[in-house]
Amino acid sequence: MSESRLRFAPSPTGNLHIGTLRTALFNWIYAKAIGATLVLRIEDTDLARSQVEFETNINQGLDWLGLTMDEGPSQGGGWGPYRQTERNELGFYKAHADRLLQLGYAYHCFCTEADLDQERATAEAEKRPYVYSGRCKALSPSDVQDKRVAQIPFTVKFSVPTGPPVRVKDVIRGDIDFDRSLIGDFVLVKSDQTPSYNFAVVVDDGMMGITDVVRGEDHISNTPKQILLFESLGYVVPKFAHLPMILGPDKSKLSKRHGATGVTEYRAQGFLADAVFNYLMLLGWSSADGKELMTRDEIIHRFTLERVSKSGAVFDVAKLRWMNGQYIRRQTPTELLTHVRPYLSDRVRVALEALGFDRFQAAIYSVRDNLDVLTDCNSFLEVYAMDADSWIAQVRGYSFGATDLTAISTFHAHVRGMTEWTVTGIESMIATVVTETGLGKGKVFKPIRIATSGQPSGPHLAELIWILGQSVVVQRMADVVALLNSVN
RNA sequence: GGCCUUAUCGUCUAGCGGUUAGGACACCAGGUUUUCAUCCUGGUAACCGGAGUUCGAUUCUCCGUGGGGCUACCA
């Protein structure tokens, strides 16, 4: 049993994003691969943007993908609470800030936003990189006391100690050095007395015993700050692994302007959780044996951080759709029915349910090769849902020739006389029609297909006829024969 | 602007000094199928540029160039 503890730490400031989900996925897989505990921590310190509904959405997304968490707000665990607002109420961050203040690693800063803007503007005018001047560090204890008594708003800032470059040891990217003089003193506690992101992360990772941090590449430049904090606080610095970014077609960070980014949207479009899971794993990681279609277990057994790539990956919906189709085709009739059912339009669903369970299931299974996403199902299932009026209207649209009439009437005679209604029976019956009429396959199948379904293409003909049912087919053939005779 | 990072077919990627540079998606062409689709077979298509190291660089080093991220009292 490994002592490793990983964490997935989303902030509920929006619906679960596909990129965030990817991070969760890699954490989950890695946790399974090394037998680690995976913690869900809700980073809701941004009071203005955090909302409960987003946390709900995140949980739903994780559930959908089957990304179970070992500890978290709803799972509980011995290292809670798991929401930063709750941890703040317990004074965790305040205690750590006080400790840093006492140790001299932090100081009170009374600079206003305007002060800081000015510093920034000056730096820019002088074309020199901006770092906070640290002027409040020079305040004497009595000055600080006076300002606090006067209730002047303040932040607590970390005083970056001088020293050699901070080295981030990244499992995926190797060592990355950062010059401390360029880091600049940064905010630990905001003026509303909530912790800043970098501070909260370190306090929580430290307190929760996190050993491995797997997160997006966009956090790399935060890492030196966090390392400094871990060290100042006396916590063991965890191992870091920064995942490459997921990009839009224009190669910039995947965002809303590229289209759907919400996990919920992909579910709504009819993507299967397994397909999304598999596809997302292939964005920035590949198995040593080159296999692409893999079950979760197969991925777990093959996964290593060493095989994660370093460059960003463009999200390609076309490949996701292909993969989804592959997963759809691997479903059993029962599984497919379960997955397709929620996507059926009311009209199609009612019509199909009227066929009885067996034919309902068979109807859905008969169109599986046509589906890329589940929402495609309605258009392909339309043949089964067509009422007599629209069927006859379709049939009238075609001009049948003499051989067509022969094929249809011969078929009519046989189908009427069938005593056992099975797909194989229908297949051999159609074969009989072919030999009996002496017409080629094409000259028989096509008119029969149009006469029975009103469509020039669709599911396998014998299956189609079986699902439509004997009475419907016989009735339709009688109607078509009558129609054609009246026209001639 | 500064810091960090990255660079193989259009896209996802394999490659870890010597390969006909491989696979997948997409695309194109055949085939199977009563039809659409599926499926099968084949094809087009890539090492960003320049120096260096080396007998030999896609691979190692440096410099460019392109891309990306960060640069907040957002996470």
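Note on naming: letters A, B, ... go to the chains in the order of the sequence lines (proteins, then strands), and numbering restarts at 1 for each one.
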Ignoring hydrogens and angles, state whether a donor on the side chain of [X] or [Y] is under 3.5 Å from an acceptor on the partner side chain.
| X | Y | answer |
| --- | --- | --- |
| Ser196(A) | Asn198(A) | no |
| Tyr398(A) | Asp404(A) | no |
| Asp218(A) | His242(A) | no |

So, is [X] near the phosphate of [N], with a side-chain N or O under 4.0 Å from OP1 or OP2?
| X | N | result |
| --- | --- | --- |
| Arg120(A) | A72(B) | yes |
| Ser221(A) | C4(B) | no |
| Gln326(A) | C39(B) | yes |
| Lys251(A) | U6(B) | no |
| Lys253(A) | C70(B) | yes |
| Lys441(A) | U34(B) | yes |
| Ser252(A) | G68(B) | no |
| Thr45(A) | A75(B) | yes |

task = Let me see the working for Tyr279(A) and Phe315(A) under ring pair (Phe, Tyr, Trp, His ring centres under 6.0 Å), right down to the final yes or no.
result = CA-CA 9 Å; Tyr279(A) 177 72; Phe315(A) 186 81; 5.5 Å; yes
Rounded distance in Å between the [atom1] positions of [N] and [M]:
| N | M | atom1 | answer |
| --- | --- | --- | --- |
| G49(B) | U54(B) | P | 23 Å |
| C40(B) | C4(B) | P | 49 Å |
| G64(B) | U44(B) | C1' | 32 Å |

Can you say whether a donor on the side chain of [X] sits under 3.5 Å from an acceptor on the base of [N], or the other way round?
| X | N | answer |
| --- | --- | --- |
| Asp218(A) | C70(B) | no |
| Asn222(A) | A75(B) | yes |
| Thr155(A) | C73(B) | no |
| Arg329(A) | U38(B) | no |

request  = Starting from the 5' end of RNA chain B, give me the residue, Tyr197(A) or Leu247(A), whose nearest nucleotide shows up first.
outcome  =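 Checking each residue's closest nucleotide, the 5'-ward one belongs to Leu247(A).
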ask   = Ring centres of Tyr197(A) and His219(A) under 6.0 Å apart?
value =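 When the ring centroids of Tyr197(A) and His219(A) are compared, they turn out to be within the sub-6.0 Å range.
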What pairs of donor and acceptor atoms, side-chain ones from residues 429-436 of chain A against any protein atom, are under 3.5 angstrom apart with sequence neighbours left out?
from, atom 1, to, atom 2, distance (Å)
Thr432(A), OG1, Ser428(A), O, 2.8
Thr435(A), OG1, Ala431(A), O, 3.3
Thr435(A), OG1, Thr432(A), O, 2.9
Glu436(A), OE1, His414(A), NE2, 3.3

message = What I'd like to find out is whether the side chain of Leu464(A) reaches to under 4.5 Å of the side chain of Ser366(A), using heavy atoms alone.
response =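 Counting from C-beta outward, Leu464(A) and Ser366(A) never come under 4.5 Å.
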remark   = With B for base contact, S for sugar-phosphate-only contact and - for none (protein heavy atoms under 4.0 Å), nucleotides 19-28 of chain B reads ----BBSS--
